[in-house]
Amino acid sequence: MKPDTSQWRDPQAYAFVKGAAADVIAWEFLRRNPRYQQDFAASRSAKAIRALRKRWGLHFRRQA
């Protein structure tokens with residue numbers, strides 16, 4: 001799955017960033033990373049998706 005990049009250079013599409021939390025901004029950077037996009041596209045099994053999450057820091061421990 002390739003992200004829709006048609007609005008990535010439109011400033012109006014990013015007005016939300018002014019009030020965004022750090023995790024939202026981090027996601028905006030991550031989803032533009034070509035290596036992440038390749039890893040995501042190649043992750044077709046549950047095991048591969050778990051590895052992808054761990055590799056890119058998208059795996060969080062449950063809070064007690």
Side-chain angles (χ1 to χ4, degrees):
M1 183 168 119
K2 187 108 175 150
D4 177 12
T5 61
S6 64
Q7 296 180 356
W8 282 8
R9 297 189 184 270
D10 179 4
Q12 295 300 319
Y14 293 97
F16 72 94
V17 172
K18 290 182 180 178
D23 60 333
V24 174
I25 295 170
W27 172 242
E28 290 296 326
F29 278 96
L30 180 60
R31 71 189 190 108
R32 286 165 175 72
N33 184 314
R35 288 177 29 210
Y36 171 78
Q37 293 172 6
Q38 286 178 327
D39 278 358
F40 181 81
S43 300
R44 300 186 191 276
S45 69
K47 183 178 179 181
I49 291 171
R50 284 193 299 273
L52 173 91
R53 289 177 179 163
K54 187 174 182 179
R55 186 176 324 117
W56 290 96
L58 301 173
H59 181 79
F60 302 98
R61 295 182 185 166
R62 292 185 181 171
Q63 294 182 355

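Values reported hereafter were calculated over all heavy atoms of this structure, with side chains retained and with hydrogens, waters and symmetry mates removed. Just so you know, residue 1 is the first one in the sequence shown, and it goes up from there.
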Q | Neighbour count >12 (heavy atoms, 6.0 Å) for atom CZ, R53 | A | no

**Q.** Interatomic spacing from CG in L58 to CZ in F40 - rounded to 0.5 Å
**A.** 10.0 Å

**Q.** Where Q37 and R31 come nearest, the two heavy atoms and their spacing
**A.** NE2-O, 2.9 Å

Q | Heavy-atom closest contact (L52 atom, S43 atom, distance) | A | CB-OG, 3.7 Å

**Q.** L30 side, atom CG; R35 side, atom CZ - distance, nearest 0.5 Å
**A.** 11.0 Å

Q) If you measure from CH2 on W27 to CH2 on W56, what distance do you get to the nearest 0.5 Å? A) 10.5 Å

Q: Heavy atoms only: give me the nearest V24-F16 pair and the separation to one decimal.
A: CG1-CE1, 3.7 Å

**Q.** Straight-line distance of S45 OG to R50 CZ, nearest 0.5 Å
**A.** 7.5 Å

